[in-house]
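The structure appears below as structure tokens.
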Amino acid sequence: MENVRRVISVLVENESSVLSRISGLFAGRGYNIETLTVAPVPHSNLSNITIVTKGSARVLEQITKQLHKLVPVYKVIEHNEMIEKEMVLIKFPIEQNLADIQVLCGAYNGGIVNVGNDIIIGMVADEPCRIAHFIEATKRYNPIEIIRGGVVAIER
Amino acid sequence: MKMNGAQMVCEAIIAEGVKTVFGYPGGAIMNVYDEIYKQDGFEHILNRHEQASVHAADGYARATGEVGVAMVTSGPGFTNAVTGLATAYMDSIPMVVISGQVPLSLIGTDGFQEIDAVGISRPCTKHNYLVRDVSDLPRILKEAFHIARTGRPGPVLIDIPKDITAEFGDFVYPKDVNIPSYKPTYKGNNRQIDKAVEAILKAKKPLLYIGGGVVLSDASDLVRKLAEMGQIPAVETLMARGVMGAKNPLLQGMLGMHGNYSSNMAMSETDLVISLGARFDDRVTGKLSEFAKYADIIHIDIDPANIGKLVDVDYPIVGDVKIVIEKIINRLEGKIKPSRYSDWLEVLERYDNLYPQSYVDSDEVIKPQWVIERLGELIGEKAIITSDVGQHQMWAAQHYPFDRPRQWINSGGLGTMGFGFPAALGAKKAFPNKTVVNITGDGSILMNVQELVTASEYKIPVINVILNNHFLGMVRQWQTFFYEERYSETDLSFQPNFKALAEACHGIGYDVTTKAEFDEAIKDAIAKDKVAFVNVQVARFEDVLPMVPAAGALYNMMLPKKEAK
Ligand SMILES: Cc1ncc(C[n+]2csc(CCOP(=O)(O)OP(=O)(O)O)c2C)c(N)n1
Ligand SMILES: [Mg+2]
């Protein structure tokens, strides 16, 4: 069976071990995690976990069902119609062309967020595939460090 | 009412109606043991190893259908309990295990006897808790019992730091549970049930595939009714032995790796599998692509994750198998002609006549299968049978005439050697008037042999029938078949004196080398009312047959030699 990419949001009760329950489930059953982000849901005692995974149709179905079985899990949303964004922070040496970098980041929904004595930091937030293009495009500016934030998604 | 956390634990156990708790004390759980000392609402059995405590609670749960309770201390007490948790988890057994933990202030400091119990047990519990505040404890206790017994049952661990069992708080045992994220589905979707009924009415060769879920949901009477009203043949998994009753002509037997010929052929040729609380374990299905190749599949299971996990299902029904079968029966009533499948039954009968479940008996040496059959004749339906893991377990499952659910207690999913004896203690505590026999091997019995002392102290007279082949027989069998008879580390010729061992622990032992001695030993052991070892010397190289080699197709069985008994 062909592996497909899937973005899943999991709404969980905000208890201390819930993340280990979820990451342990993925590790123990051999499911793949590409990215995983967690943050509390405002005005509630819930957290939202966004997981990007890959698997065959059978594996993806199992992932959803196994997540549902965890007691602190309220809701599992397998996204189809969604807005999907990922953030990336990227550090360049100060010798690089500030204006070029500014324009490049601008083209991917971002800009320069910090300029220090020896470094420039850019930030963009965009669709994950565009983030990959962006990172590719920054190569010629000799980036020192690249930090991706993991995907978040919301149903349309 | 104000009380400390330890008292809350005891109050909850009493409120849940638990009569017997199995456990072993230690530093981190001493506060609870102090309260156990003061109360008289339940009995505590001191096993001689925490693993045995958990298996005993498990055996109690399997025999009664109620939640079993075990109690252990932190660190090594807890790690000793892990095999017990995993065993119960794999077979979906309702259980609450309470473990002591180092005080909150020491958690994370590598304190004495600190181990991350919640972390270790996460993959082998249905749910677990680390209690961080005494005010949460009443709710957590209530939830733990609720989660253990509802939906697909399973073990729940409550890890309680020592300062929390000492701390005082308000205690009212909650009446209700409200866990918004935990709502098992029981009823089954009516449209799906309608479709399944249509499929049954259309099928020419339907087959009931009965799993342990039928035992867990106490649905055996309904399954028998369904089988009988439609004259639908049935096969049982290892976990479902007893559901149909050994004498039921519709029962083909057990299917799977050591299933009998007609059961495995029935599965290979059926056109409609009606799966009732079974989960398509690899020891049952063999090669998946050949499993029930010609069949549509109705899969009824309380756990949605079981459905479609291994095989594609045509009629998925999430729900309690008992409720769903009742609905199916109501819809079939008056519509299904019992003679409808008589051709199919005839085919299966021919298969059974071709290769019945059989063995070649001997006058020189006792055959292990004979021991099981004879035991069936001697104590039959009255007894509860537990077992360990190995050849003896398979022979018990194949040859004992199980008549009712919960009569057969064994570790099917995890296959835990050392399960049988402590589980027998749990079953006997629940049913003191029933004969309880653990069918075990010379390897397995040593894995919880210390329970001789427990059984003697508390006068829990269970009988251990040791099918002594001087081998780790099941592994030896694989070495014979698949490793060119290289018997690597499976020869148990070096033996303890089992009779003396039992007697050293205030039990009674019997050495059996003839059939007559076996009869005498069993009769005497029942009369003596003491924990017993009946050490039966059996044919060393006997194999469990039929056998489907791992990952082979079910219809490709290695069969016993065809000789009249
Ligand atoms: C705790 C544990 N360790 C190892 C095994 C692997 N194993 C399965 S059957 C078996 C042999 C059991 O020997 P015995 O109890 O003498 O039973 P027999 O097969 O000889 O009847 C072994 C070692 C197991 N199931 N459980
Ligand atoms: Mg043996």
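In what follows, every chain begins at residue 1, and chains take the letters A, B, ... in the order their sequences are listed.
Scanning residues 52-69 of chain A against chain B with a 4.5 Å non-hydrogen threshold yields A/R58, A/E61, A/Q62, A/K65, A/Q66, A/K69, sorted by number.
Heavy atoms from other residues, nucleotides or ligands lying under 6.0 Å from CG of A/N142 number more than 12. Within 6.0 Å of atom CZ in B/R132, 12 or fewer heavy atoms from other residues, nucleotides or ligands are found, so the atom counts as exposed in its surroundings. More than 12 heavy atoms of other residues, nucleotides or ligands sit less than 6.0 Å from atom NZ of B/K183. More than 12 heavy-atom neighbours from other residues, nucleotides or ligands sit within 6.0 angstrom of CD1 on A/I119.
Looking at A/V71, both its backbone and its side chain come within 4.5 Å of chain B, counting heavy atoms on both sides. When heavy atoms are compared at a cutoff of 4.5 Å, B/P123 does not approach chain A at all.
Two residues are said to be in side-chain contact when any heavy atoms from C-beta on lie closer than 4.5 Å; B/H127 and A/P72 meet this criterion.
Taking NZ from B/K126 and CG from A/L70, the interatomic distance works out to 12.0 Å, rounded to the nearest 0.5 Å. Rounded to the nearest 0.5 Å, atoms OG (A/S17) and CZ (B/R122) are 9.5 Å apart.
Each of B/S181, B/P184, B/G151 has some count of heavy-atom pairs under 4.5 Å with chain A, and the biggest count is that of B/S181. Among the candidates B/L130, B/V118, B/D312, B/N306, the residue making the largest number of heavy-atom pairs closer than 4.5 Å to chain A is B/D312.
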